[in-house]
Q: 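Below is one structure. I have some questions about it.
Quick note on labels: first sequence line is chain A, next is B, and so on, each numbered from 1. Values below: every heavy atom of this structure, side chains too, minus hydrogens, waters and symmetry copies.
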Amino acid sequence: MINPHLSMNWQRVTIYICLSFFLIFFLAPLYVMLVTSFKSLEEIRESSLMLLPSEWIFDGWMKAWDHACVGLSCNGVKPHFMATFSITIPALLLAVFLGAINGYALTQWKFKGSDLLLAGLMMGCFMPFQLYLIPIAVTLREMGIFGTALGLILLHTVYGVPLTTLLFRNYYVSLPKELIKAALIDGAGFFRIFFQVVLPLSPSIVMVSVILIFTGIYNDFIFALTFGEVGKQPVMAALNNIVNSTYGVKEHNVNMAATLLTALPTLLIYLVAGKFFIRGLTSGAIKG
Amino acid sequence: MSLSINNLNKTFSKSLVLKDINLEIEKGEFVVLLGPSGCGKSTLLNCVAGLENVDFGGKILINKKEVTHLAPKERNISMVFQSYALYPTMNVRQNITFGMKCRGVPRPEMEETLKKTADLLQIGDLLDRKPASLSGGQRQRVAMGRALVHKPDIFLLDEPMSNLDAKLRTEMRVELKNLHRDLNTTIVFVTHDQVEAMSLANRIAVLNHGILQQMGTPDEIYQTPKNLFVAEFIGSPKMNFLPGVLEVSNEEASVVTEFVRFPVGHYSFNETPETGRAVTIGIRPEYIFNHESNPKSKSSVCFEVVIRNVENLGPDLSVFCQLGKIQLAFKIPNSGNKPKYNDTVKVWTELSECSIFCLKKGTRL
């Protein structure tokens, strides 16, 4: 006779062994980055990769933040953070807002060809960016916003909208139709219904969109590199510049510190909003 | 004339869901649209509300003003939905005043209307609560309140009681009837429940397959159904139908069925009866008795049936029996000895209130 508790324990042990393995597997690189960023260059050269620093030195972090060289200017990643946020925040707000409006219109105000429009928008989710680098470059040049923050805002808004539209559509498709009808009878119009009835019902899906779009824009490298303003590239492009600079000594501590600094905002947003993210995803899954 | 609907057709992706509907509803009337699910009654209500477009040619007039192409808010109607459709993020007060805010009603007037409505519906102490924390009956009251504040010409109610339990439904029925008497507004009420229809309506409009079958007072609908569908749909247990042939001799008509000959000389035919016409005679369960009700009546017939089932309803018994292969039902008072399964009993039927339908067309003769 097998003791059910014992077998449960064995299952547990196996699960925990597996989980621990994966935990180490995924956390080891982060650990290496962290300890390396606090070592001096000599120590990096001489000691083992996995050892804690014999002396904790913040030089790498200071330099990465303040005076590492990106191209010709040596101001660290600091100014590029500003550039990134001045692009990310407007584009994020626009993409989420437009996606919400689209999702609401496509589900509650169905018109002839609305399903076709949605299918078209969805295509936008699956196209690789590289495909239209040159057409975009030409378009931005013709619009006179090539190499400006405005160009990147426009670009990220346009490429964020399909995803947010899809998210909001799937959320709103399960919204009871009678709610909209009741508001219509009450005399509310398209936007009043959206702002006062529909939007207050959607905080979780707004959070999901914000997280996805924020990380999408923040982590974008190819647009940042191609269309970023010279000297004010978004931080991802700047990071690449720091890490891949080919002259001089490879400053591993600076590189690690710069990378960690750059990764911090996305890490924070998942930690702060992860709860909403999971809630939003699951509620969307159940309803949609 | 409060509401009139002329030649209204409605198609959904090529299938006709409403066919040539014509309705005239007087001011202050309580009209019930009754029909099985999918008959188009809710669609008709949505058309009146302006939530659905009407096919070309159809007209809807409210107070003699054509509103066919107006937006819902321009029609001066209000509507209560089956699910109540209260705004989940707003409290009761906001739910009720939302419409007035949309219409730009000045604040003092809004407060006054809110207070009056809350008093009328006894929801004054619920004003700060969210819909999720209200019971079904309370939600329904709030939904009614939201509709009331517009002081509409017409109230449209779309199965507002189907989410309530039986007891509450009976209470709300009485309340709604009282409310209608107090406010004296026109009400159009959609339901599939014949008890609701019979108890609430001044007039009932029976719909099936998008066609208006009959419009009339509850008594007209019950006693002189215009066709087989209406006859069968209204009444519980349903009307008994016996197929037979019409026979006319010596100016006296009778319906000859397999076992019984029914003399129907008293019946006022809409069409001249012809011998040999295939018909169905319909008799309500309460016109079949297990004793001789009126021995002198010329329109009384006696025959024998075999008992199949007896349902005890308290004051009454519903008795289901068989005449040959035909299932019959009748209702008798619950007193004395009850009929038992497989008994053969004599029953008498009173034909003064019977209905005769053409078997082929289903229409009343």
Side-chain angles (χ1 to χ4, degrees), chain A residues 96-97 100-101 103-119 168 171-209 276 279-280 282-284 286-288, chain B residues 12-13 42-43 45-53 70-91 94-105 130-132 139 142-152 154-160 163:
Chain A
V96 172
F97 177 72
I101 290 262
Y104 160 68
L106 286 172
T107 50
Q108 306 298 332
W109 299 77
K110 282 205 174 259
F111 48 90
K112 231 182 182 154
S114 59
D115 289 329
L116 208 68
L117 193 74
L118 180 73
F168 277 99
Y171 191 75
Y172 290 152
V173 83
S174 56
L175 217 61
K177 297 265 180 295
E178 292 192 338
L179 214 53
I180 310 295
K181 286 185 180 177
L184 275 175
I185 299 255
D186 264 342
F190 181 90
F191 283 105
R192 192 192 276 266
I193 296 176
F194 176 70
F195 284 114
Q196 294 189 7
V197 178
V198 174
L199 207 55
L201 283 170
S202 18
S204 56
I205 198 69
V206 167
M207 283 313 290
V208 170
S209 309
F276 297 99
R279 198 186 296 158
T282 48
S283 76
I286 291 163
K287 282 182 182 165
Chain B
F12 272 130
S13 54
S42 288
T43 309
L45 203 70
N46 280 334
C47 287
V48 174
L51 298 169
E52 298 275 5
N53 288 323
L70 293 185
K73 65 171 173 180
E74 288 158 341
R75 299 185 179 205
N76 204 19
I77 45 115
S78 54
M79 191 157 170
V80 175
F81 295 89
Q82 184 175 0
S83 62
Y84 314 134
L86 299 175
Y87 311 122
T89 53
M90 301 182 195
N91 64 25
Q94 290 162 328
N95 260 288
I96 292 174
T97 52
F98 180 72
M100 290 191 279
K101 279 181 195 152
C102 293
R103 288 161 199 234
V105 175
K130 290 268 172 73
R139 283 180 210 183
V142 176
M144 286 295 297
R146 191 171 64 176
L148 277 171
V149 293
H150 294 318
K151 302 183 187 75
I154 304 173
F155 265 114
L156 306 171
L157 298 122
D158 190 359
E159 308 207 23
N163 285 344

Q: Specify the closest pair of heavy atoms between B:Met79 and B:Asn46, including all atoms of both residues, with the distance to one decimal.
A: CE-OD1, 3.3 Å
Q: With sequence neighbours excluded, what pairs up with A:Tyr172 under the ring-ring contact (aromatic ring centres under 6.0 Å, His included) test?
A: A:Phe168
Q: In terms of heavy-atom proximity below 4.5 Å to chain A, should B:Leu86 be classed as side chain, backbone, both, or neither?
A: backbone
Q: Could you check which of B:Gln94, B:Lys101, B:Glu74, B:Arg75 has the highest count of heavy-atom pairs closer than 4.5 Å to chain A?
A: B:Lys101
Q: So B:Leu156 and B:Val48, do their side chains get closer than 4.5 Å, heavy atoms only?
A: yes
Q: At under 4.5 Å between heavy atoms, what parts of residues 191-199 of chain A are in contact with chain B? List them by residue number.
A: A:Arg192, A:Gln196, A:Val197
Q: For A:Pro200, is it the side chain, the backbone, both, or neither that has a heavy atom closer than 4.5 Å to a heavy atom of chain B?
A: both
Q: Which atoms form the tightest heavy-atom contact between B:Ala147 and B:Val80, and what is the distance?
A: CB-CG2, 3.8 Å
Q: Looking at A:Lys110, I'd like to know if its NZ atom is crowded, meaning that more than 12 non-hydrogen atoms belonging to other residues, nucleotides or ligands lie closer than 6.0 Å.
A: yes
Q: Counting only heavy atoms closer than 4.5 Å, note whether B:Gln82 contacts chain A via side chain, backbone, both or neither.
A: both
Q: Flag the pair A:Ser204 / A:Tyr171 as yes when at least one side-chain heavy-atom distance between them is below 4.5 Å, and no otherwise.
A: yes
Q: B:Ala85: what forms a side-chain contact (heavy atoms from CB on, under 4.5 Å) with it, not counting sequence neighbours?
A: A:Glu178, A:Leu179, A:Ala182, B:Phe81, B:Ser83, B:Arg146
Q: Excluding sequence neighbours, so at least two apart, what forms ring-ring contact (aromatic ring centres under 6.0 Å, His included) with B:Tyr84?
A: none
Q: Where on B:Met100 is there a heavy atom nearer than 4.5 Å to chain A: the side chain, the backbone, both, or neither?
A: neither
